[in-house]
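First comes the structure, then the notes that go with it.
Chain letters run A, B, ... following the sequence lines, proteins first, then strands; residues in each count from 1.
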Amino acid sequence: MRISIKIILSSILMLFTLPGFAQPDFDNIEIRTLQVRDNIYMLVGAGGNITVQLGDDGILIVDTQYAEMSEKILAALHELSDGALRYIINTHVHGDHVGGNVNLARAGATVSGGNMSRDVSGQTAAIIAHESVLLRLTTAPAENRIESDGWPSSAYYEGKKDLYFNGEGIRIMHQPRAHTDGDSIIFFRKSDVISTGDVYRTDAYPFIDMANGGTIQGFLDAAQSIIDQIIPEYGQDGGTLVIPGHGRLSDVGDVLNWREMLTVIRDRVKDMKDRGMSLEAVLEDRPSRDYDVRYGNPERFLTALYQTL
Amino acid sequence: MCKPNYTSLRLLVMFLLSICFVMSSSAQTNLGGIWLADYTEDRGDRIPGPALGDYGGLPINEFDRLRAQSWNASLLGLPEYQCRVHPSDYAQSFNNISIIEERDPRTLELIAIHLEHFVWQTHRVIWMDGREHPPEYAAHTSMGFSTGEWLGSTLKVTTTHLKEGWLRRNGVARSDQAKVTEYFNRHDDYLVWTVIVDDPIYLEEPFIRNRNYTYSRDTQIVTYPCESVREIVHEPGYIPHYLPGQNPDLFEFADTYDIPYEATMGGAATMYPEYRKFARDLPLPSAMQNQE
């Protein structure tokens, strides 16, 4: 599918002006750290959750929140480890997940050229993301474009990319056309932890970013993809742990509930659309009302769902 | 003048102190042991299970009612749902339990009370060492995070961090925002468990349930392995549920017992005895069928 530059530009512009991306009061937000497994942590602050994996090889993080949070994030990382920040993985292009790329990448140094590389060449931490993230970051309007140090230095374009770091295999898996068209979930195989980005969250309805290629079916496929990787300890508890893009630490039971909610609402809206109901009529009928009390205002979600069916 | 007998006084003080000590100890009742569920109350609901479309006596709101009406029991046939355990606020409702105290080996202080359910062999920990509940962004589980305190001889337990669960196993949801308060009262060989569910998402009023248990001297808990299998092949992503207004089983319970349909749909009012008076004026299914 061809994506015109005009659409990309307008979508990036829209991205930074959406109500959901209203900038928080950064001065009053602290980074809180939750240990997930032996060497895996979740950092909660402003924007998307950050996953931290650390060990003898250094530090790897998934997503970087906003630029304004970078100092606090670096302080939190320093509390956990004296190692160098080697890798940043971006789950997708949104500002609350890539905003700190430049600051954090510059504070780190990738594994390249020995211990002289940073001083000699100005090497930064490597940034890994799907190529769609690179495309959208590099073609953003000038006023919103982040500096090139914050662009992915290693973009993958196939279904997955593998990395071995701190003694464990890390699989980065593309989730096509879900939250955006460049989503990745990251599976830490030894630690048995999946970092999902915004294809899964616990605090709100999904944001189907149609301008950036998101669809409801992609969300459902991504939920299935996460579930397929998970092995619970017993019943629907424990085993593989899931760090969501926003919200609380989860496991398979939570992701199943999420998939169930998405499916039920998708089917209701599809039925209404098949019966010829307009979007306005669907919104008026509130087909998600039994979940709205838990996930909040559904209008943006239902609108995108209706339009991407 | 009579000289005071200090030896007698000392003995008296020691006696009184020892009484106080014993009383203080007994205030923290030992709940340890195997407790067998007494099924004389709500047996039909607890053992064979509730009827489809029976939400009577549950203080659910309209949103939970829609969740329940959309629920399809075939969901439980999917492999990923087959071994799903009952949440801690429900599990005790229909099975025996084992309670074990965990004490510091040196100080003998009570660190935690472990509670195991015979069904599904789920294990929950009630922390007694004064620790705080984790932050909201920590994981939620089927058992939740529980802390306990003694109110005299009653154990009061507060549980947060529960995953979404159910109040009745016919689709009536309990949200992951619920806070659960429990009371354990031992009366010799009998134990009374009271559970109060506060759910700001799906309940109009707190939901309160009691269960009774009898102490057993000769029962052992057994393992409860569960292995899921694919019993029916479906398309990937298949989730059975009913669209609004299309659940064919909703009237079955009301029709079978000729109870007003509205009375089976729950709500806070249906919990109270005076609802009977109100329900008398509601149309019965038999009368409605005769009209047709």
Side-chain angles (χ1 to χ4, degrees), chain A residues 32-36 42-45 49 202-203 217 220-221 223-225 227-228 230 232-238 241-244 246-272 285-295, chain B residues 60-72 75 78-87 91 120-123 134-144 161-165 173 175-177 199-203 224-228 236-246:
Chain A
R32 292 162 294 167
T33 302
L34 181 72
Q35 184 165 19
V36 177
M42 179 172 116
L43 303 188
V44 181
N49 292 328
T202 67
D203 64 333
Q217 190 55 48
L220 286 163
D221 292 341
Q224 188 63 49
S225 173
I227 291 165
D228 287 344
I230 291 177
E233 182 183 341
Y234 184 75
Q236 286 184 355
D237 274 337
L241 294 177
V242 179
I243 298 177
H246 298 263
R248 61 176 160 79
L249 182 65
S250 304
D251 62 16
V252 70
D254 300 298
V255 185
L256 288 170
N257 290 337
W258 168 260
R259 182 186 65 171
E260 199 177 312
M261 177 271 289
L262 292 179
T263 305
V264 167
I265 298 174
R266 188 273 313 266
D267 290 353
R268 289 178 186 170
V269 174
K270 182 176 186 308
D271 174 65
M272 296 167 101
D285 194 72
R286 295 179 62 214
S288 58
R289 57 190 177 278
D290 46 342
Y291 291 98
D292 296 347
V293 281
R294 167 65 179 80
Y295 290 99
Chain B
I60 57 174
N61 61 23
E62 60 171 308
F63 309 115
D64 208 14
R65 192 170 300 116
L66 178 57
R67 286 287 308 268
Q69 290 170 341
S70 304
W71 186 76
N72 185 329
L75 187 71
L78 300 180
E80 57 268 39
Y81 285 79
Q82 288 169 11
C83 293
R84 182 154 73 165
V85 301
H86 293 287
W120 298 110
Q121 206 186 347
T122 38
H123 173 225
E136 172 49 33
Y137 50 86
H140 287 213
T141 63
S142 300
M143 297 297 106
H161 292 75
L162 285 158
K163 266 184 203 161
E164 183 175 287
S175 87
D176 61 354
Q177 309 294 305
D199 185 351
I201 305 294
Y202 285 136
L203 292 183
Y224 199 100
C226 179
E227 183 183 347
S228 59
Y238 170 74
I239 303 289
H241 67 94
Y242 293 112
L243 294 171
Q246 295 186 15

>> What part of A:Asp254 gets within 4.5 angstrom of chain B, counting heavy atoms only: side chain, backbone, both, or neither?
In response: both

>> Taking side chain as everything from C-beta outward and backbone as N, CA, C, O, which of these in A:Arg266 sits under 4.5 Å from a heavy atom of chain B? Side chain, backbone, both or neither.
In response: neither

>> Does any backbone or side-chain atom of B:Leu243 lie under 4.5 Å from a heavy atom of chain A? Answer side chain, backbone, both or neither.
In response: side chain

>> Please determine whether a side-chain nitrogen of the Lys or Arg among B:Glu164 and B:Arg67 lies less than 4.0 Å from a carboxylate oxygen of the Asp or Glu.
In response: yes

>> At a 4.5 Å cut-off on heavy atoms, which part of B:His241 comes close to chain A: side chain, backbone, both, or neither?
In response: side chain

> Going by distance alone, is a donor N or O of one side chain under 3.5 Å from an acceptor N or O of the other, for B:Tyr202 and A:Arg294?
Replying inline: no

> In terms of side-chain geometry, is the basic nitrogen of A:Arg268 or A:Asp285 positioned less than 4.0 Å from the acidic oxygen of its partner?
Replying inline: no

> Given a strict heavy-atom distance threshold of 4.5 Å, which part of A:Asp267 is in contact with chain B: side chain, backbone, both, or neither?
Replying inline: both

> Measuring heavy-atom distances to chain B, does A:Leu256 have an atom under 4.5 Å in its side chain, in its backbone, in both, or in neither?
Replying inline: both

>> What part of B:Glu136 gets within 4.5 angstrom of chain A, counting heavy atoms only: side chain, backbone, both, or neither?
In response: both

>> Counting only non-hydrogen atoms closer than 4.5 Å, does A:Val264 touch chain B with its backbone (N, CA, C, O), its side chain (CB onward), both, or neither?
In response: both

> So, B:Asp199 versus B:Ser175: side-chain donor-acceptor pair below 3.5 Å or not?
Replying inline: yes

> Hey, are B:Lys163 and A:Asp251 close enough for a salt bridge, meaning a charged N less than 4.0 Å from a carboxylate O?
Replying inline: yes

> With a 3.5 Å cut-off and no angle check, do the side chains of B:Tyr81 and A:Glu260 form a donor-acceptor pair?
Replying inline: yes

